[in-house]
Amino acid sequence: MFADLHLHTCYSDGTYTPQELAGHAKGHGLAAIALTDHDTVEGCGPMALACLQEGVEFIPGSELTAEINGHELHLIGYLLDIHHPRLLLETGRFQVVRQDRIREMVGRLNRLGLSLDADAVLARANCRAPGRPHVARALVEAGVCASPDEAFERFLKKHRPGWVPKFKISTQNAIELIHEAGGLAVMAHPGLNRHDELIAELAAQGLDGIECYHSAHSPSTSAHYLEIAHEHGLLVTGGSDCHGLNKGKPLIGSVQLPYIYVQQLKDRALQSLPHPVS
Ligand code: AMP
Ligand code: ZN
Ligand code: FE
Ligand code: FE
């Protein structure tokens, strides 16, 4: 039995609907999947229903944009209470800033002479947590770039002319928020960040796990983070980070996390729940 615990839908910058994603999960024979859209839990309700219909176990989640010592990190909250008031308040704040950021990015591109329309980009994105991939797709549709990769390379990567810095919360606040909402905090794709020196500090802040398996991790990178997770007594997770089609093929199914890690995640979440006052 295998799982994929890192997936995006059209509720952030993925292209699949929850139904399409659940269909792919079933097609790949996955026993469980988690939804980890950026800075939102809005897709979790529809995703839970879609998974129920396909007979796939569902783990609600969200990938929060955080920072520590000036470095951007993504912290995934798993098994969150998706109706938790403060979680909804904080993710709502992220979403307002994300929408404003799209306008700012389009404004920069306009000043370069490109005729994109921010309202049209936002309408096409049709979600509360839009991101750079939506601008990249608009640049492709406008015929400015041949592919989203080219759009990132020319305009949207850090310090390129269309780039606008992103709103982040401190890792300490993100971990506290995830815990307050009943979830577990996991450092996403550490192999992309390569800031291993921060892991001890994150563990001291209450980090619960590390995403050792990821579609961008080589086998040796995964082995490296398995060792670090073991050293710090952290949970192990993994997922593909599928956003839809990637070079003609979806990434879902490219990472097969043994189900034992899902069990350990659930066991830990249950242990962490507050006890009723006796
Ligand atoms: P944002 O959250 O708006 O900063 O956008 C980040 C998202 O853009 C990531 O989650 C990826 O889905 C995507 N992304 C980042 N870098 C690239 C790249 N070089 N090429 C294609 N997509 C990218
Ligand atoms: Zn993304
Ligand atoms: Fe990420
Ligand atoms: Fe992601």
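One-based numbering, in listed order, for ligands and for the atoms of each.
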I'd like a table of donor-acceptor pairs (distance under 3.5 Å, sequence neighbours excluded) in which one partner is a side-chain atom from residues 72-81, with atom names and distances.
from, atom 1, to, atom 2, distance (Å)
Glu72, OE2, His74, NE2, 2.8
Glu72, OE2, Lys166, NZ, 3.3
His74, ND1, Glu63, OE2, 3.0
His74, ND1, His189, NE2, 3.3
Tyr78, OH, Leu5, O, 2.4
Asp81, OD1, His83, N, 2.9

- So, is His8 placed with an N/O/S atom under 2.8 Å from the Zn ion (ligand 2), counting both backbone and side chain? no
- Pairing of Glu104 and Arg101 as salt bridge, 4.0 angstrom limit: no
- Sequence neighbours excluded, which residues qualify as salt bridge (charged side-chain N to carboxylate O under 4.0 Å, His left out) partners of Glu201? none
Could you pull out all donor-acceptor pairs under 3.5 Å where a side-chain atom in residues 21-32 meets a protein atom, sequence neighbours excluded?
from, atom 1, to, atom 2, distance (Å)
His24, NE2, Tyr16, OH, 3.4
His28, NE2, Ile252, O, 3.3

- Message: Please name the atom of Asp13, limited to N, O or S, that comes nearest to the Zn ion (ligand 2).
- Response: OD2
- Note on the structure: Note on the Fe ion (ligand 3): protein N/O/S atoms within less than 2.8 Å are Glu63 OE2, His74 ND1, His189 NE2
- Query: Short question: side chain of Ser240, backbone of Cys242 - any donor-acceptor pair under 3.5 Å?
  - Reply: yes
- Item | His243 NE2 and His38 NE2 subtending at the Zn ion (ligand 2) (10° steps) | 120°
- Task: State whether Asp119 and Arg103 are salt-bridged, where the test is any N-O pair (Lys NZ or Arg NE/NH1/NH2 against Asp/Glu carboxylate O) under 4.0 Å.
- Result: yes
- Is the gap between the ring centers of Tyr259 and Phe2 under 6.0 Å? no
- Query: Rounded to 10°, how many degrees is the angle NE2/His6-the Fe ion (ligand 4)-NE2/His8?
  - Reply: 100°
- Has the side chain of Gln95 got a donor or acceptor atom that lies under 3.5 Å from a matching backbone atom of Thr91? yes
